[in-house]
Amino acid sequence: MKTAVSLLLAFAALSMQGCTKDPIDIVLPDDNTETPVNADDSAGAGIETDKDDDNVANTTFARTVKVTFSGGSATVSGATADFAVTTDGAGVTITNNGSEAVIYELSGTSTDGYFKLYSTKKQEILLNGLTLTNKQGAAINNQSHKRTFVVVKGANTLADGASYTQTPSDEDEKAAFFSEGQLVFSGDGTLTVNATGKAGITSDDYVRFMAAPTVKVTSSAGHGVRGKESIIVSDGNVDVNVSGTGKKGFSSDTLVYIGGGVTTIKTTGSAGEVDGELTGVAGIKADLRFEMVDGVLTVTSTGTGAKGISGDNVAYFKGGTVTVDVSGANYGTSSSGGFGPGGWPGGGGWGGGQGSSSSSDNSVASKGVKFDGNLYISGGRITVKSARHEAIEAKGVLQVTGGEVNAYSSDDAINAGGDFTIDGGAVYAQSTGNDGLDANGNLYIKGGIVFSLGSGGAELAVDANSEAQKKLYLTGGTVIAVGGLESGASLSQACWSAGTVKANTAYALYDKDGKVLGAFKTPSTGNLTLVLSAPSLDSVKYGVTVSGGTTLFNGAYTDGATVSGGSGCNLSTYTGGGGHGGPGGW
């Protein structure tokens, strides 16, 4: 049985570059303008917005129009001659022809009603104990192109119908809660959206979650939350569960930005044909740009052909806590093999090997974090598990300058289509069937902590594309490589081989003064080349006892750890190659 690898590190002098939060100012555009985004700006400074405009407290409302639903009817009060009000049973349509900013307070219960709004002014929709189902379309349909504040008070539930039969030919109606203009959520209540016909919440502009409602979205037919221009989570609790074929938890043609709050996304659907095109599933899909700055984000995908977080362009991880777990098989390939339940560190052991991967046009690979452009990691704590394919992949360059990255996969744990640079932070990469770290361009390790585990044989701990005259350049940092380094690497910092790892054994690294640089524990089976490199590494012991300290990585320790005992380990100069062993060793 394969046993999880635990890492024990005691780097007292470690400086975790980039661990401090570096938030950008999220300023949303004025009404009827697009969000300006410079996707090529690696500093992440290409977004301009106006925070104050999204704070409902900064808007003065002239009056409140109350809409109360009761079974098959609804009543409207507070409207003046500037309003055109139409009721059809429990269906209410209001047109604001005046110049006032208005609060529309919705309350009561109906299983066959709706609220539809036309307006040329920004407004607030106050959900105050509302339970509303529209069997023929959207429960709330906001045709206003202006900013709409959604203030959530008490417990509220919205639901759409399985088919939308009332939509005029010249209008959109894309979700149980649909808006042409911006939707900005705030308040201290709970909103539950149950969508069976289309998406849960959609804006043809942007969707923003502020302090601090709880919003729960379940969608079986469409996306969970879609903001065409952007989705921004600044605060609150957002819980999304989608099960439709090819659907996404969060979907944006431009930007998904997580700056706070707690966001939980689960997808259970499969990839498949949508409108004649093969489409994968994703927890988050940001076509132009993804940013994680603060808060907590958890993405779980169990269906076939799923991605945890993906995008067509660039991504930045600057802070917060990210957990991604993609356990489904590749779509269009064999579903056999891969990890079984409990297969990750801390679980019930490893399953079989990875499933086969098809290059045909009718297949979609399941991956944890995957971007077609560049990926920059400068802070936060990121843990990604992928059962069938790469845990973290960037088709462009991949840079780690800070934060903590944990990647587990049966394929490459972390892969870059271009150059891959580690110049700070802490990176843990574990593969049971391929390379730990892999670059199709050059791979540069300049600083930080790197603990990488390849599967043995030709599958190395750290690999660059030597066939394309690319190579590994190791010039700094602390490196623990179980499975060896690429042959032909440029090793400016001395590397040492400690032979093959001893099974289930704790090792400690020391400088010439006997100071502990770090410690780690091997897996339950050895037989893989152990390579070590650190700026002042002088000696190594095995069989040590490690206790205390601050947790880092999966069961690791940093400042304050105590190391004792052990026996001396012979070191020899290492120049690359020699992974040894096989994939069954972990």
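Computed from a prediction, not measured in an experiment: that's the story for all the values here.
Among all heavy-atom pairs drawn from Leu530 and Tyr507, the shortest one is CD2-CE2, 3.7 Å. When all heavy atoms of Gly566 and Val544 are compared, the closest pair comes out as CA-CG1, 3.9 Å. Val326 and Lys307 get closest at one heavy-atom pair: CG2-C, 4.2 Å. Phe420 and Ala416 make their closest contact through CB-CB, 3.7 Å (heavy atoms, listed as atom of the first residue, atom of the second, distance). Across all non-hydrogen atoms, the minimal contact from Gly200 to Val217 is CA-CG1, 3.8 Å. Shown here for Lys247 and Val281, the closest heavy-atom pair between the two residues is O-CG1, 3.3 Å.
Of the residues listed (Val479, Leu485, Leu491), the one engaging Ser533 in a side-chain contact (heavy atoms from CB on, under 4.5 Å) is Val479, and it is the only one. The side-chain contact (heavy atoms from CB on, under 4.5 Å) with Leu297 is formed by just one residue from the set Val233, Val238, Ile309; it is Ile309.
Here the side chain of Thr245 pairs no donor or acceptor atom with the backbone of Ala271 at under 3.5 angstrom. In this structure a side-chain-to-backbone donor-acceptor pair under 3.5 Å is present from Asn374 to Val397.
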After noting the C-alpha distance and the side-chain angles of Thr573 and Trp496, does the key distance pass the side-chain contact (heavy atoms from CB on, under 4.5 Å) rule?
CA-CA 5 Å; Thr573 301; Trp496 305 92; 3.8 Å; yes

Chi angles and distances behind the side-chain contact (heavy atoms from CB on, under 4.5 Å) call for Thr475, Gln493:
CA-CA 5 Å; Thr475 59; Gln493 179 174 278; 5.9 Å; no

Between Asp419 and Lys470, is the salt bridge (charged side-chain N to carboxylate O under 4.0 Å, His left out) condition met? List the steps.
CA-CA 9 Å; Asp419 289 348; Lys470 305 295 183 180; 5.2 Å; no

side-chain contact (heavy atoms from CB on, under 4.5 Å) evaluation trace for Asn330 with Ser363:
CA-CA 7 Å; Asn330 298 323; Ser363 64; over 6 Å; no

CA sep, side-chain torsions, deciding dist, call: Asn440, Asn415, side-chain contact (heavy atoms from CB on, under 4.5 Å)
CA-CA 8 Å; Asn440 291 320; Asn415 177 275; 4.1 Å; yes

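Residues Asp411 and Ser431 form no side-chain contact, since every pair of their non-hydrogen atoms from C-beta on lies 4.5 Å or further apart. Here the side chains of Leu472 and Ile445 are in contact, with some heavy-atom distance below 4.5 Å. Residues Leu532 and Ile480 meet the side-chain proximity criterion, which asks for heavy atoms closer than 4.5 Å. Counting heavy atoms from C-beta outward, Lys266 and Val240 have side chains that stay 4.5 Å or more apart. Within the 4.5 Å cutoff, the side chain of Phe451 has no heavy atoms near those of the Thr478 side chain. Side-chain contact between Glu291 and Lys318: present, with at least one pair of heavy atoms (C-beta onward) separated by less than 4.5 Å. Taking 4.5 Å as the limit, some side-chain heavy atom of Ile414 sits within range of a side-chain heavy atom of Val427. A heavy-atom distance below 4.5 Å is found between the side chains of Leu375 and Phe317.
Once rounded to the nearest 0.5 Å, the distance linking OG1 of Thr218 with CG of Asp239 reads 7.5 Å. Note that OG of Ser490 and CG of Leu443 are 12.5 Å apart. Values are rounded to the nearest 0.5 Å. Here Ser230 contributes atom OG and Tyr257 contributes atom OH; the two are 11.5 Å apart, rounded to the nearest 0.5 Å. From Gln430, atom CD reaches atom OG of Ser409 across 10.0 Å, with rounding to the nearest 0.5 Å. Between the CD1 atom in Ile231 and the NZ atom in Lys248 there is a gap of 12.5 Å [rounded to 0.5 Å]. Here Leu571 contributes atom CG and Cys495 contributes atom SG; the two are 11.5 Å apart, rounded to the nearest 0.5 Å.
Between Ser378 and Thr401, the side chains place no donor N or O within less than 3.5 Å of an acceptor N or O (distance only, hydrogens not considered). There is no side-chain donor-acceptor pair under 3.5 Å between Thr302 and Thr268.
By the side chain to side chain contact (heavy atoms under 4.5 Å, CB included) test, Val262 pairs with Asn237, Thr264, Val296, sequence neighbours left out. For the salt bridge (Lys or Arg N to Asp or Glu O under 4.0 Å) test, no residue two or more places apart in sequence or in another chain qualifies with Lys471.
Judged as a salt bridge (charged side-chain N to carboxylate O under 4.0 Å, His left out), the pairs with a partner in residues 271-285 (not counting sequence neighbours) are, in order, Lys285-Asp287, Lys285-Asp312.
Aromatic pair Phe290/Tyr316: ring centres not closer than 6.0 Å.
For the pair Lys395 and Phe371, the NZ or CZ position fails the cation-pi test of under 6.0 Å to the six-membered ring centre and within 45 degrees of the ring normal.
The pair Glu393-Lys367 meets the salt-bridge criterion, since a charged nitrogen lies less than 4.0 angstrom from a carboxylate oxygen.
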